[in-house]
Engineer: 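I am attaching a structure below and will ask some questions about it afterwards.
Because the structure is predicted, anything quoted here is derived from the model rather than measured.
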Amino acid sequence: PPHTKQTPPPPPTEQSNPVSALSNNNSGEGKSTGGGLGIVLVTGATGTIGKEAVSLLAHSAAGWDSIRIGTRSPTGASAQMLCAYDPARIEAVKLDFADQNTVDAAVAGVTVIVFIADFAEATTKALIDAVKSSPTAPFVVKVSVIGARIPKDGEEISFFPKMHGR
């Protein structure tokens, strides 16, 4: 229904959460209050993959000091739902790859970037420019699955899977 309030899904179970295998505390006692890993930025955070990444990071015991979610609409319902996972550690920030100032601000101070984006050269260039000028030199993990599917019989492989190779 259009007026139903969105609520965050429950935390992933230890079996469904691959991030928990990397944590220092697999006791399942809940979220860390900051374990010194720094700030992680998730771009495309309100998209399908981004929401899952934020959930895994927020509910893992891996020890992120904070999670910054980059979105064009930080006050929107999707961003606010993600912030509800852990309001003390999750911050929604304006991130529009067409506006370099927002990219620079989102990247400032982060240690890791989960870069979920399209194949547009300008998008990648904006992020690289921000990373180059960042004093923290964040580690970047690029994630993309646009058009990544097995073609139907007789169908040519689309442009995006070709970008990844076969």
Engineer: Calculate, to the nearest 0.5 Å, the distance between atoms CD and CG belonging to Q100 and L127 respectively.
Structural biologist: 8.5 Å
Engineer: Provide the closest heavy-atom pair for A117 versus T123 in the form atom of the first, atom of the second, distance.
Structural biologist: CB-CG2, 3.8 Å
Engineer: Would you name the heavy atoms of P138 and I113 that are closest together and state the gap between them?
Structural biologist: CG-CD1, 3.8 Å
Engineer: Excluding sequence neighbours, so at least two apart, what forms side chain to side chain contact (heavy atoms under 4.5 Å, CB included) with V112?
Structural biologist: V40, W64, F139
Engineer: If you round to the nearest 0.5 Å, how far is CZ of R89 from CG of D65?
Structural biologist: 8.5 Å
Engineer: Does L37 belong to the same Ile/Leu/Val/Met/Phe/Trp/Tyr cluster as V42, with side-chain heavy atoms less than 4.5 Å apart forming each link?
Structural biologist: yes
Engineer: For K142, I'd like to know if atom NZ has over 12 heavy atoms of other residues, nucleotides or ligands within 6.0 Å.
Structural biologist: yes
Engineer: So, for K94 and P74, which heavy atoms are closest and what is the spacing to 0.1 Å?
Structural biologist: N-CG, 3.7 Å
Engineer: Just to verify, what does S133 make a side chain to side chain contact (heavy atoms under 4.5 Å, CB included) with, not counting sequence neighbours?
Structural biologist: D104
Engineer: If you group Ile, Leu, Val, Met, Phe, Trp and Tyr by side-chain heavy-atom gaps below 4.5 Å, do V103 and I39 land in one group?
Structural biologist: yes
Engineer: Would you say V140 and V54 are hydrophobically clustered, going by side-chain heavy atoms of ILVMFWY under 4.5 Å?
Structural biologist: no
Engineer: Is there a donor-acceptor pair under 3.5 Å between the side chain of T124 and the backbone N or O of E121?
Structural biologist: no
Engineer: Applying the 4.5 Å side-chain criterion to the ILVMFWY set and letting contacts propagate, would I116 and L82 be lumped into a single cluster?
Structural biologist: yes
Engineer: Would you mind reporting whether E52 and T48 have side-chain heavy atoms less than 4.5 Å apart?
Structural biologist: no
Engineer: Say you draw a straight line from OG1 of T46 to CZ of R72; how long is it, rounded to the nearest 0.5 Å?
Structural biologist: 7.5 Å
Engineer: Output the distance between atom OH (Y85) and atom CD1 (I90), rounded to the nearest 0.5 Å.
Structural biologist: 8.0 Å
Engineer: Is there a donor-acceptor contact under 3.5 Å from the side chain of E91 to the main chain of C83?
Structural biologist: no
Engineer: Sort out for me which residue in T111, V107, V114 forms a side-chain contact (heavy atoms from CB on, under 4.5 Å) with L41.
Structural biologist: V107
Engineer: Between the side chain of R68 and the main-chain N/O of A106, is any donor-acceptor distance below 3.5 Å?
Structural biologist: yes
Engineer: Please say yes or no: joined through hydrophobic side-chain contacts below 4.5 Å, possibly via intermediate residues, are L95 and I69 part of one cluster?
Structural biologist: no
Engineer: Under the 3.5 angstrom rule, does the side chain of T71 hit a backbone N or O of A45 as a donor-acceptor pair?
Structural biologist: no
